[in-house]
Amino acid sequence: MKYLPTIGLEIHVELKTKTKMFCGCKNDSLETKPNTNVCPICLGHPGTLPVPNIEAVKSVLKLGLALQADLAEKSKFDRKSYFYPDLPKGYQISQYDEPLVRNGELLGVRVKRIHLEEDVGRLLHEIPALSRSHGAKDDERLKTSDKATYVDFNRAGVPLMELVTEPDIKSGEQAVAFAKMLRLILRYLRISDADMEKGQMRVEANISVRPEGQDEFGTKVEVKNLNSFKSVGDAVNFEIRRQTEALESGGKVFQETRGWDQNKKATFSQRSKEEAKDYRYFPEPDIPSIDLQETSLINLEELRRAIPELPLEKKSRLMKEYGLVEVQADLMIEDGDLADFFEETISEAEGDDDIDSSEKQRFTELAFNYLTSDLKGFMNSQGIGFEELKISPENLADLADLIFNGEITSRVAKDLIPEMQKTGLDPRQIVKEKGLEQVSDEEIIEQAVNKVVAENPGAVADYKAGKKTALQFLIGKTMAELKGKGHPGKIGEKLEKQL
Ligand code: ADP
Ligand code: MG
Ligand code: ZN
């Protein structure tokens, strides 16, 4: 019997607005001193009045536009009640039946809704017995455990967006691709850095399997605390296997919440559905509902115009405009600075009239390779980013042009990159000053070949005995003789003729 997996994601994202969701406190994820950015509103004091942050509302609407979704005409906030020490007021302000956004789509997965809520505080569980040093060990109340838990409310009230997909996903890989593309869109829209390791993006996966031929979905399990893309993929695939095996062996799947154990690479039961709480949602009486058609605070046309070119659009444009293949375009959309550099390099080169249109593709390919492997490799090895780069797109275009026209060898090109960074000079100038032009002169090459042949009788004999690799060795020797500037084709030709 074959089992078909079904997956739906619930993704929380911290928005990077200047201030929190319902008060004027700073929304600063880098603040390390606990309880610095707090006020009576985000601490949940009774009698305080929340005022929604319009920037946060706009951020969610922008994402809605980016996902071709329906923006609500009317939207309201609701209270979601539950008790936990990270939420002193006893309820979280969220959105229940009138979310800001519905019915979107991304990579073939339907997005059911996107709503806005507030993040909660952070609990810090103490490990050593700190209380003892304060002479508190005699306190009866600390007997059961002498560890303390502290609460930091800096995160309480930070705008949190929740996106829920329809159960359209069929594998761990597809779940990861969706989450990665969402992160990229959030970054392009500049509404969140969506770094999973920092908890700015939190993915929960709902997973079920059903026997082939059965229409209704199986019982779902929700997996929480996935803090990397890798965990998302691994946890989903683990659950698919676990549930399939349970059903195959005549068992059943229980509806429950499970956690992900990074070390064991396995999910574990956290709580069952029976314990699931009733949130007693009801409309937040302190916040008027938002009429998106009427409000003067939000101009939908303006929002629409503020949407930049998005990753998927950019991908297809790069493929069409520059003839890039999919993996190349994917590399570009991941890194906006790299893509900008590439496009500027090509447009610099387009000004040159020595490249005719039929050769344009070959040049583009060359420039792409020099940018993504040689230049990027150099930058990585030096630990520098595009801000610190002294090499301009024009410089790279010139370098590619030198190689393209056979004026320098690829060996010399490699050495030119650090030199360009050091001096900030144009590669043509460096080539001229240092005499690095490719040597194609027949006589000079022949002299070098003669010398190498005379000095390496062993390799010559090997080659004559049929050992083809000996030729590569001799070419290398000749190239070294010519200080890396010899025309590789001509060297090979001359050598073969000699031998
Ligand atoms: P709940 O009310 O239990 O939270 P929802 O209908 O809100 O369930 O769905 C929560 C998430 O679970 C959504 O992402 C949805 O796509 C997904 N989901 C719903 N049913 C299933 C199922 N049978 N298998 C896998 N995922 C599911
Ligand atoms: Mg739910
Ligand atoms: Zn506050």
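If you read the sequence from its start, that first residue is 1, and numbering goes on from there. Whatever order the structure lists them in is the order used to number ligands and atoms, beginning at 1. Remember, predicted model here, so these are calculated numbers, not experimental data. Computed over heavy atoms, backbone and side chain alike; hydrogens, waters and symmetry mates excluded.
- Judged by the 6.0 Å and 45° rule, K265 forms no cation-pi pair with F238.
- Close contacts of ligand 1 with P167, meaning ligand atoms under 4.0 Å from a residue heavy atom, involve 16 (O), 26 (N), 27 (C).
- Between atom 6 (O) of ligand 1 and the options K220, K112, E166, E10, the minimum heavy-atom separation is to K112.
- Heavy-atom contacts of G218 reach the following atoms of ligand 1: 23 (N) (cutoff under 4.0 Å).
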Which is it for V111 and F178 under the side-chain contact (heavy atoms from CB on, under 4.5 Å) test, yes or no, and what are the steps along the way?
CA-CA 11 Å; V111 171; F178 180 92; 4.1 Å; yes

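- Considering backbone and side-chain atoms alike, I7 places every N or O at 3.5 Å or more from each N or O of ligand 1.
- Shown here is K74, whose NZ atom has no more than 12 heavy atoms of other residues, nucleotides or ligands within 6.0 Å.
- Annotation: angle subtended at the Zn ion (ligand 3) by C39 SG and C23 SG is 110°, to 10°.
- Side-chain contact, Y188 with E309: no donor N or O sits under 3.5 Å from an acceptor N or O.
- Here the shortest heavy-atom distance to atom 24 (N) of ligand 1, taken over G8, S208, P5, belongs to S208.
- Under 4.0 angstrom from ligand 1, the non-hydrogen atoms of L9 all belong to its backbone.
- Close approach of ligand 1 to T6 (heavy-atom distance below 4.0 Å) involves ligand atoms 24 (N), 25 (C).
- The contact set between ligand 1 and V164, taken as ligand atoms under 4.0 Å from a residue heavy atom, comprises 13 (C), 14 (O).
- Panel note: side chain Q200, backbone M196; no donor-acceptor pair is recorded below 3.5 Å.
- A donor-acceptor pair under 3.5 Å is absent between the side-chain atoms of N206 and the main chain of I7, judged by distance alone.
- Counted by atom type alone, H12 and E10 present zero donor-acceptor pairs between their side chains at under 3.5 Å.
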